[in-house]
Structures are given as structure tokens and as C-alpha cells.
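Residue numbers count from 1 along this sequence.
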Amino acid sequence: TNNITSSYYQGDGSLTTTGLVGGWDASEYTSGDVVDIATGSRTYAIVGSPTIVSSSAGYIEFDGSSDYLSGSTGDTKTDTIWVTDVEGQDYAFEVLYNSDELDASYRAFGTYWGTNSGTNEVYWFGESGTGGGNGHYHIAWKDNDGSDMRFHSTNGTQMAQPGTWYHVVFNVRTNVGGAAYVQIFQNNIMQYNKVETTAIDSLKTPGSPAGFVTFGAQGSASSKFNGKIAAIRMYDKALSKEEVNNNYLYFRNTRGYDI
């Protein structure tokens, strides 16, 4: 079932770093490739010509056509940087974004991509124009038979508007009574809370190559995002309500985003 709550969770606004394994922040950009915020050494190549504003309230603006960030040139990243065992690992994907448009297409914030026994698999997160209408959120995996396991935040109302900043956290708990448990927080409010009855054992684990990450596009450089993304943070754990709140307050109060 989907549950809506309007409750705010109180916190001190300190940015959560426990469990952080990857991502980037436009405010830290200097020149060249975008540097990973967790390692300080992993980089993401800039594809196309996105506009980059590196102030405290900065962003990378993607054109929805040719711009995205790639884990490596030619999309051949081979090191596992995030999900190592999706059948038993919780994780979270956090994004601060502002869309230029909403349409009937999927617009990907980020994708983790790999192969397993020669079959492509993808774990990706984005803004969706289907499954309930424009302005909804989307998360998907490939399962072992090659089909998709998808979650749409179909709450009957449009959750996002173009030209508006949103702080969104996708929480995934992969082993709750043999099912996947998904939460989506938007601007510190839990907008989506669903237990998926499909057994988590049917989901793939990254094979060889272990996978790579793209931002602002699906792993195959499709479903490109059109708008501004200020930061993306990936965790090898689900975030608590207090951690979601702290990160929201950090980006709103400390960094000055209108969320």
C-alpha cells in the first residue's frame, strides 16, 4: 500500500556521512571531471556541455538531449562502487534537483548498470511521466529473468512541478520478510511507503563487469534529465527519518536552496 504523511521530523541540520559511498556536489566542482564526494579520487566524465555553477547553492544544468555524467569514458567502468549484493543490502539514493520540464518520458537522475551472465541489469532512479501521470518518481531493477521490477509513486496527485527545487531520498530495504520495502521522501515528507511482495531473491546482483554509474541519464545514455541537479549522494544503507531530515535542513538552511 501507499501511505502519505505530512509529518516533519526534527533534526540539527548536520549532513549525514555514515554509509556514504558515492555521488557528487556541484558546489565542490573546480575543473575537468566531476570528483566523487565519497572517495575524492573517483571521477565522472562530463559528456556534452552542461552548465556548471559551483557556488554554495550551485548546480549542474543538463539539457535533456546530450548532457550527462559518465562513470568512465565509453561507459566501461568496472569497479563496484555501490550495490554489492542487492539481495541483502539496504541502500539510499539522494538527489537535489529542479526540472525544466515534465513530460511523458522517464528522466533519470542516476543509474547503476552492470551485467550478470551476459544479461544487462539496471538499478535506476528518476522522475517519471508514466505510472500515474507526470511529476512522479520512479525506481526500477532488472530481475533474474530480465524483466523489470518497478516502483512508481502513484499517489493520484502530481508530486513535482517544473522550475521548483526538490530534495528527494529513495530508501530501499531489500530484505523485509522476503520482500523489498521502498520509501520516497520529498522535501522532508514521506510521500511513498510501499512493501513489494515480490521476493527479493529474484533480483540480480552485479556480475562482471561489476557496473558503472551515470548521472543525468540512464546507463545507456537514454532518458536524459532536463534541468538542474545540485547534488547526488549514494549510501550503502537506508537513511533514517532523522538523517533524511538533517540532510534536508542542511541543503535548505546551510546551503540556501528553496526547498
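A distance of 13.0 Å separates CG of D33 from CZ of R42, quoted to the nearest 0.5 Å. Atom CG of L96 is separated from atom CZ of F109 by 10.0 Å, given to the nearest 0.5 angstrom. Atom CG in N193 sits 11.5 Å away from atom CD in Q191 (nearest 0.5 Å). The CG atom of N188 sits 8.0 Å away from atom CZ of R252, with the distance rounded to the nearest 0.5 Å.
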Can you give the donor-acceptor pairs under 3.5 Å from side chains of residues 15-25 to other protein atoms, not counting sequence neighbours?
from : atom 1 : to   : atom 2 : distance (Å)
T16  : OG1    : N247 : OD1    : 3.1
D25  : OD1    : S27  : N      : 3.0
D25  : OD1    : S27  : OG     : 2.8
D25  : OD1    : R255 : NH2    : 2.8
D25  : OD2    : R255 : NH1    : 2.9

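For the side-chain contact (heavy atoms from CB on, under 4.5 Å) with H167, the lone residue among F251, Y250, F185 that qualifies is F251. With F215 as reference, Y44 is the one residue of Y68, Y44, F225 to meet the ring-ring contact (aromatic ring centres under 6.0 Å, His included) rule.
The heavy-atom pair separating V47 from P50 by the smallest distance is O-CD, 3.9 Å. Shortest non-hydrogen contact noted between K224 and R107 is O-NH1, 2.8 Å.
In this structure Y29 satisfies the ring-ring contact (aromatic ring centres under 6.0 Å, His included) test with no other residue, sequence neighbours excluded. In this structure T39 satisfies the side chain to side chain donor-acceptor pair (under 3.5 Å) test together with D36, sequence neighbours excluded. Residues satisfying the side-chain contact (heavy atoms from CB on, under 4.5 Å) test with N253, not counting sequence neighbours, are L249. Taking N98 as the reference, nothing meets the side chain to side chain donor-acceptor pair (under 3.5 Å) condition, with sequence neighbours excluded.
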message: Run V168 and I184 through side-chain contact (heavy atoms from CB on, under 4.5 Å) and show every step you take.
response: CA-CA 7 Å; V168 177; I184 300 177; 3.9 Å; yes
Verdict with reasoning, V95 to I229, per side-chain contact (heavy atoms from CB on, under 4.5 Å): CA-CA 7 Å; V95 59; I229 299 179; 4.0 Å; yes
task: Show the numbers, then the answer: is there a side-chain contact (heavy atoms from CB on, under 4.5 Å) between F62 and N226?
output: CA-CA 5 Å; F62 301 90; N226 186 0; over 6 Å; no
message: Could you walk me through whether Y248 and N187 satisfy the side-chain contact (heavy atoms from CB on, under 4.5 Å) test, starting with their C-alpha distance in whole Å, then the side-chain angles of each, then the deciding distance to 0.1 Å, before giving a yes or no?
response: CA-CA 7 Å; Y248 167 79; N187 288 355; 3.9 Å; yes
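Between the side chains of Y235 and E94, at least one donor N or O lies within less than 3.5 Å of an accepting N or O. Side-chain N/O atoms of Y192 and Q186 include no donor and acceptor closer than 3.5 Å.
Clustering ILVMFWY residues whenever any of their side-chain heavy atoms sit less than 4.5 angstrom apart, transitively, puts I232 in a cluster other than the one holding V35.
With a 4.5 Å cut-off on side-chain heavy atoms, V182 and F170 do not count as touching. The shortest side-chain heavy-atom distance between T51 and I60 does not fall under the 4.5 Å cut-off.
A distance-only check finds no donor-acceptor pair linking the side chain of Y257 to the backbone of Y166 [under 3.5 Å]. Using modelled atom types, one side-chain atom of D67 and one backbone atom of S49 make a donor-acceptor pair closer than 3.5 Å. Checked by atom type and distance alone, the side chain of N171 never pairs as donor or acceptor with a backbone atom of A92 at under 3.5 Å.
Residue pairs that meet the salt bridge (charged side-chain N to carboxylate O under 4.0 Å, His left out) test with at least one member in residues 45-61, sequence neighbours left out, are E61-K228.
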